[in-house]
Protein chains: 2
Amino acid sequence: MLNGTNASGGPTAQLDDLDRKLLELLSKNSRRTNNSLAEELGIAASTCLARLNALRDSGVISRFTIEVDPQVLGRELEALIFVRIRPGARHLMANFATQMRDKPGVRQLFFLGGADDFVLHVAVRNSSDVRQFVLDNLSANPAVATTQTSLVFEHSHGTGEF
Amino acid sequence: MLNGTNASGGPTAQLDDLDRKLLELLSKNSRRTNNSLAEELGIAASTCLARLNALRDSGVISRFTIEVDPQVLGRELEALIFVRIRPGARHLMANFATQMRDKPGVRQLFFLGGADDFVLHVAVRNSSDVRQFVLDNLSANPAVATTQTSLVFEHSHGTGEF
DNA sequence: ATTGAAATTGTGTGGAC
DNA sequence: GTCCACACAATTTCAAT
């Protein structure tokens with residue numbers, strides 16, 4: 001299943017229709033039993049397991065995980081926070097990233113090239129919490145030049161094929 | 001496990017330490033066996049299963065899924081595309097969102113309140129593909145006023161607690 | 001809610017095509 | 001690469017606490 005080479009020298013996986021269908025089924029439910037997957041794909045359970053393991057081992061599947069709904073846990077408000085680092089503090093960007101990743105409420109962090117240096121995707125209880133988050137974690141940080149916060153009205157995941 | 005009410009009238013789940021630990025373990029590996037989870041939590045398998053089912057049924061876990069590494073599949077370049085909709089075309093925003101979500105390469109879509117109306121997170125093969133994506137799907141769309149594309153150097157998921 | 005025990009179901013290996 | 005068969009392991013139900 002691995003037979004190419006990508007730009008950074010790493011392996012590039014070549015998927016066939018079975019692999020793609022398996023990824024699709026696992027995206028919808030990563031906890032489905034191997035037997036059930038095999039049955040829907042019309043292949044033997046052992047074959048399905050071999051495919052699944054190959055997808056994991058080759059790194060196509062980087063992890064099996066869950067999506068937690070922040071709303072159900074009382075985090076009613078999501079926001080994107082655009083952050084610019086001070087020109088004199090660019091060397092602190094890697095540190096900044098790792099610090100922010102572990103803060104409660106942070107769901108994703110993008111390290112960008114362009115006008116803004118970072119985008120933080122956060123989920124918090126209310127607007128007071130997002131204000132507090134920015135004050136405590138960003139404005140207070142001497143490496144941060146400016147921030148701009150936008151409310152997230154809706155967030156969805158792509159359904160495009162692999 | 002469900003005993004609150006949130007702002008939009010929906011139920012708010014109240015988690016205990018066991019629930020939180022379970023979510024953490026499942027985030028790291030949603031395919032771990034129930035037995036293994038139960039053992040690490042120090043509870044009976046049947047208890048662990050009841051907790052897991054409760055988290056799913058209450059909507060705390062919205063789905064069990066996989067993370068697919070776009071790089072391994074030859075999509076070496078990720079970008080955020082910031083989109084503004086024309087003032088006269090605001091009524092088309094919902095349509096626009098559902099159209100974009102299914103395009104190949106689209107991983108996430110944020111519907112924002114603020115300067116930009118949408119942020120698209122895309123993963124494509126190379127810079128030529130991102131250019132093509134913008135031309136075909138955005139510039140060509142009469143509802144779109146402007147776009148701005150930023151390269152994603154790094155993308156990580158928050159590790160903050162629940 | 002949590003448990004242990006029991007019946008059902010799934011997993012993963014080895015050998016053959 | 002795919003399959004079947006088999007030994008082992010995990011899941012899930014249920015009565016009891």
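Residue numbers begin at 1 in each chain, while the letters A, B, ... track the order of the sequences.
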Hydrogens and angles aside, do [X] and [Y] bring a side-chain donor and acceptor to less than 3.5 Å of each other?
X: B/Asn53; Y: B/Arg56; result: yes
X: B/Gln148; Y: B/Ser150; result: yes
X: A/Thr65; Y: B/Ser30; result: no

In terms of side-chain heavy atoms of [X], which of [options] is nearest?
X: B/Asn34; options: D/dT11, C/dT3, C/dA1; answer: D/dT11
X: B/Leu49; options: C/dG4, C/dT2, D/dT13; answer: D/dT13
X: B/Thr33; options: D/dG1, C/dA1, D/dA10; answer: D/dA10
X: A/Arg31; options: C/dT11, D/dT11, D/dC3; answer: D/dT11

Please give, in whole Å, the distance from [N] [atom2] to [X] [atom1]?
X: A/Leu18; N: D/dT2; atom1: CG; atom2: P; result: 7 Å
X: A/Leu52; N: C/dT11; atom1: CG; atom2: P; result: 10 Å
X: A/Asn53; N: C/dG10; atom1: CG; atom2: C1'; result: 14 Å
X: A/Ile43; N: C/dG12; atom1: CD1; atom2: P; result: 15 Å
X: A/Glu39; N: C/dT9; atom1: CD; atom2: C1'; result: 12 Å
X: A/Leu37; N: C/dG12; atom1: CG; atom2: P; result: 12 Å
X: A/Asp57; N: C/dG12; atom1: CG; atom2: P; result: 12 Å
X: B/Leu41; N: C/dT2; atom1: CG; atom2: P; result: 11 Å

(message) Is the ring pair B/His155/A/Phe110 parallel, tilted or perpendicular, if the boundaries are 30 and 60 degrees?
(response) parallel
Does a side-chain N or O from [X] land closer than 4.0 Å to OP1 or OP2 of [N], or not?
X: A/Ser46; N: D/dC3; value: no
X: A/Asn35; N: C/dT11; value: yes
X: B/Arg32; N: D/dA10; value: no

(request) Check each of B/Leu120, B/Leu112, B/Asp116 against B/Val83 using the side-chain contact (heavy atoms from CB on, under 4.5 Å) test, and report the only one that passes. (result) B/Leu120
